[in-house]
Chemist: 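I have a structure I would like to understand better, so I am pasting it below and will then ask my questions one at a time.
Labels below follow one simple rule: chain letters A, B, ... track the order of the sequence lines, proteins then strands, and each chain is numbered from 1. Everything quoted here is computed from the prediction, not taken from an experiment.
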Amino acid sequence: MPELPEAETIVRSLQRLVQGRHIVKADFLSRRVSGDSPQALAGRRVVQLRRYGKKILFELDQGLLLVDLRMTGRLLMNHVPGPYTRAVLRLDDGVLLFDDIRQFGSLRILEKEPESAGPDPFEISCERFCDCLRGRSRRLKTTLLDQSFVRGLGNIYADEILFRARLHPMLKTDRLTRPRAAALHEAMRETLAEAIVYRGSSVSDYVDGTGQKGSFQLRHEVYRKQGQPCPICQTAIRRIVVGQRGTHFCPHCQRLR
DNA sequence: CTTAATGTTCCCCA
DNA sequence: TTGGGGAACATTAA
C-alpha cells in the first residue's frame, strides 16, 4: 500500500537509474494493467521521474507515463520477471518491471499532467489547509484519505497523523478550532517527512525501486496496534471502522469530546 | 470454508 | 448538494 512516503522513496531510488534513459521496448503483460498501447512508449526518453501524490510520474520527451501502484504495485529495476509482472519497460541500460499481485494498479500514458487531485501535503499552506478543512463537515479520517483534499495520504499515514495531532478520526472537520487544525497541518508534514527519512513503511508488499524494504513500520504508534499500549498514556489502542477502513487510535489521547 | 486487508470508483440513500 | 454506507475489483494470509 504505497502512500506518499513510499512513492517518494521509490522515486528517489530510481531517479539516477532511469532519468535520461531511453525506453527501447515496452510490454503490457496483462489486459487490466493499461488501456493504452505500449508501442507509444518505445523510443521515448525519460526526462524526469517525479512523485505525484502517491503515484509516480515519468516525464517523457513526449507525453507522460503515470504509474498508479494502488495496494500491491511495485516498480523494480533490474529484477527477474515473475508471475506478477504486469509490464516490462526495457531501457537502453537496464529493465524496469511493474509487478502487481492484486492488479488494481495501472500504467497510463497521458498528454499532460493530471490536475484533478488536491494539493501536495508539503505545498499547501497552513492557512489554506485550515480553511479547506473547516469549510466542510466530514470526519477527519475521511477527509485525510480524500485525494482531492490533499494528495498522497493513505490508511497508514492518516492514522499516524491523527495520533500525532491527538485528534479523534471521527471528529468533524468543522468542529476543529483553528489551533487544532494548524496542529493537524504540522502533524501531517512532520509524519510524512519522518516516514521519508525512514524510507517508507513495509507492512506487506512495499519495497523501493531496488527491492529494499523501508523501516518506518517500526516507528508506527497506532497503525495495526490494537490492544497494545499507547506510547503516551498506556491505554490500549482501539480499532474501529470508519468509511470501510480499519482505523486505529488511542481512546484516551484522541477524544471525540 | 470465511473473513480481513487494501485504494479507488461508482451507485444508492437520507 | 452533501455525506455516509456498501459493492466491486484481485489476491493472499490467517
Chemist: Give the nucleotide from the list C/dT2, C/dG4, B/dA5 with an atom nearest to the side chain of A/Arg136.
Modeler: C/dT2

Chemist: My understanding is that only residues two or more places apart in sequence, or in another chain, count here; which of them pass salt bridge (charged side-chain N to carboxylate O under 4.0 Å, His left out) with A/Glu127?
Modeler: A/Arg178

Chemist: Using side chain to side chain contact (heavy atoms under 4.5 Å, CB included) as the criterion, point out the one residue from A/Asp146, A/Asp159, A/Leu171, A/Ile240 that pairs with A/Lys141.
Modeler: A/Asp159

Chemist: Hey, which sits more toward the 5' end of DNA chain C by its nearest nucleotide, A/Phe104 or A/Gly243?
Modeler: A/Gly243

Chemist: Does A/Arg151 make a cation-pi contact with A/Tyr52, if we ask for NZ or CZ under 6.0 Å from the ring centre and within 45° of the axis?
Modeler: yes

Chemist: Looking at DNA chain C, which of residues 2-10 of chain A put a heavy atom within less than 4.0 Å of it?
Modeler: none

Chemist: CG of A/Asp174 versus P of C/dT2: gap in Å, rounded?
Modeler: 14 Å

Chemist: Whole angstrom is fine here: how far is it from CZ in A/Arg31 over to C1' in C/dC9?
Modeler: 16 Å

Chemist: Answer with yes or no whether the hydrophobic clustering places A/Leu110 together with A/Val46; edges join I, L, V, M, F, W, Y residues whose side-chain heavy atoms lie under 4.5 Å apart.
Modeler: no

Chemist: Measure CD1/A/Ile240 against P/B/dA4 and give the value in whole Å, please.
Modeler: 16 Å

Chemist: Side chain of A/Gln147, heavy atoms from C-beta onward: which of B/dT8, C/dG4, B/dA4 has the nearest atom to it?
Modeler: B/dT8

Chemist: Does the pair A/Phe216 and A/Glu194 meet the rule for a side-chain contact (heavy atoms from CB on, under 4.5 Å), with working shown?
Modeler: CA-CA 8 Å; A/Phe216 194 68; A/Glu194 202 176 298; 3.7 Å; yes

Chemist: Looking for any heavy atom pair under 4.0 Å, which part of the strands does A/Lys141 touch: base, sugar-phosphate only, or nothing?
Modeler: nothing

Chemist: Check whether more than 12 heavy atoms from other residues, nucleotides or ligands sit under 6.0 Å from atom CD of A/Gln234, and answer yes or no.
Modeler: yes

Chemist: For A/Arg199, is there an ion pair with A/Asp208 - N to carboxylate O distance below 4.0 angstrom?
Modeler: yes

Chemist: To the nearest angstrom, how far is A/Met170 atom CE from C/dG3 atom C1'?
Modeler: 13 Å

Chemist: Strictly under 4.0 angstrom, non-hydrogen atoms only: write out the protein contact profile of nucleotides 9-14 of chain B, one letter per nucleotide from the 5' end, B, S or -.
Modeler: ------

Chemist: Counting the atoms with a prime plus P, OP1 and OP2 as sugar-phosphate, which does A/Ser137 contact under 4.0 Å by heavy atoms, base, sugar-phosphate, or nothing?
Modeler: sugar-phosphate

Chemist: Any salt bridge linking A/Arg164 with A/Glu160? Criterion: basic side-chain nitrogen under 4.0 Å from a carboxylate oxygen.
Modeler: no

Chemist: Using the salt bridge (charged side-chain N to carboxylate O under 4.0 Å, His left out) criterion, which residues pair with A/Asp36? Sequence neighbours excluded.
Modeler: none

Chemist: Residues two or more places apart in sequence or in another chain: which of them pass side chain to side chain contact (heavy atoms under 4.5 Å, CB included) with A/Gln19?
Modeler: A/Gln15, A/Gln48, A/Leu49

Chemist: Between B/dA5 atom P and A/Ile156 atom CD1, what is the distance in whole Å?
Modeler: 13 Å

Chemist: Answer yes or no: is there an ion pair linking A/Arg44 with A/Asp61, defined by an N-O contact shorter than 4.0 Å?
Modeler: yes

Chemist: C/dA8, OP1 or OP2 - any side-chain N/O from A/Arg32 closer than 4.0 Å?
Modeler: no

Chemist: Could you write out each protein N or O paired with an N or O of nucleotides 11-14 of chain C at a distance under 3.5 Å?
Modeler:
{"unit_1": "C/dT11", "atom_1": "OP1", "unit_2": "A/Gln103", "atom_2": "NE2", "d": "2.7"}
{"unit_1": "C/dT12", "atom_1": "OP1", "unit_2": "A/Tyr84", "atom_2": "OH", "d": "2.3"}

Chemist: Give me the one residue out of A/Val18, A/Ile10, A/Thr210 that meets side chain to side chain contact (heavy atoms under 4.5 Å, CB included) with A/Met77.
Modeler: A/Val18

Chemist: For C/dG3, does OP1 or OP2 lie under 4.0 Å from any side-chain N or O of A/Lys172?
Modeler: no

